[in-house]
Amino acid sequence: MATPRPRTLLIAPLAIGVVLLAGCSDNGSPSNEGTSPGTPSPVPAQTTGSDDETFGSTSSGSDDECYVHLFDANDFDETDDNFKLTEPGRYKDLADLPGADQDWTDEADSAKVGTSATVTIWSEPNFEGKESTLDPSSEHAALDPEPSSLELTC
């Protein structure tokens, strides 16, 4: 005679599915809050206005179109240092951007924004100083001032 399965085993796959679907919803705010640069957290979180960095996709468009391409020269000079940030999130400083091999704080002289991305930049670390919004599909040949913190949403 077979033993009955505990209810937990029957409910667990449903609960996991609900959590995964909740993380995929597009509610206009970043979906995950991380504790260190480049380390996404699997727990959905709301933006609270703190200076914590927030990571995770909020994309409703193609990942190929969700980016900000930073250039360490005016006019998008690709012969100088450049870096394409493709991980949506809030970055209180640009010292440890995911995938970057250098500190981009106060170094980005120009930028291109992907078609499904919006970028907010601040002139100072911790989301302080002058704030500017870079719209989707926009190009900025001379950023002034250069960003020291940013938020990438898609």
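The structure presented is a predicted model; accordingly, all values stated were derived computationally and were not measured.
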### Query
Roughly how far apart are R90 CZ and L152 CG, rounded to 0.5 Å?
12.0 Å
#### Entry: Closest non-hydrogen atom pair, C66 against A117
CA-CB, 4.2 Å
### Message
Is there a side-chain contact between L94 and S148 in this structure, where contact means two heavy atoms from C-beta onward sitting under 4.5 Å apart?
### Response
no
### Query
Roughly how far, to the nearest 0.5 Å, is CG of D109 from CG of D80?
8.0 Å
### Message
Regarding T115 and E65, do their side chains bring together a donor and an acceptor under 3.5 Å, going by distance alone?
### Response
yes
## Note on the structure
Note: P145 and K130 closest approach over all heavy atoms is CD-CD, 3.6 Å
#### Entry: Between CG on residue L150 and OG on residue S132, distance to nearest 0.5 Å
12.0 Å
### F127 six-ring centre to K92 NZ/CZ under 6.0 Å and within 45° of normal
no
### Query
How long is the span from the OG1 atom in T79 to the CG atom in D72, to the nearest 0.5 Å?
10.5 Å
### Task
Nearest 0.5 Å please: distance from the CG atom of D96 over to the CD atom of Q102.
12.0 Å
### Message
Quick one, E131 and I121 - any side-chain contact, counting heavy atoms below 4.5 Å?
### Response
no
### Query
Hey, does L85 have a side-chain heavy atom less than 4.5 Å from the side chain of P98?
yes
### Message
Could you walk me through whether L70 and L97 satisfy the side-chain contact (heavy atoms from CB on, under 4.5 Å) test, starting with their C-alpha distance in whole Å, then the side-chain angles of each, then the deciding distance to 0.1 Å, before giving a yes or no?
### Response
CA-CA 11 Å; L70 305 174; L97 293 175; 4.2 Å; yes
### Query
Who passes ring pair (Phe, Tyr, Trp, His ring centres under 6.0 Å) against H140, sequence neighbours left out?
none
### Task
Any chance you could measure S123, atom OG, to E146, atom CD, to the nearest 0.5 Å?
11.0 Å
### Task
Consider only side-chain heavy atoms of I, L, V, M, F, W and Y, link residues closer than 4.5 Å, and tell whether F76 and L143 are in one cluster.
no
### Task
List the steps, then state whether side-chain contact (heavy atoms from CB on, under 4.5 Å) holds for W104 with D81.
CA-CA 10 Å; W104 280 90; D81 292 330; 4.3 Å; yes
### Task
Could you check if a side-chain atom of K112 sits within less than 4.5 angstrom of a side-chain atom of F71, using non-hydrogen atoms only?
yes
### Query
Are any of the side-chain heavy atoms of T153 and P88 separated by less than 4.5 Å?
no
### Any H69 side-chain heavy atom under 4.5 Å of N82 side chain
yes
### N/O donor-acceptor pair under 3.5 Å between S149 side chain and E124 backbone
yes
### Message
Between N126 and D93, is there a side-chain heavy-atom distance shorter than 4.5 Å?
### Response
no
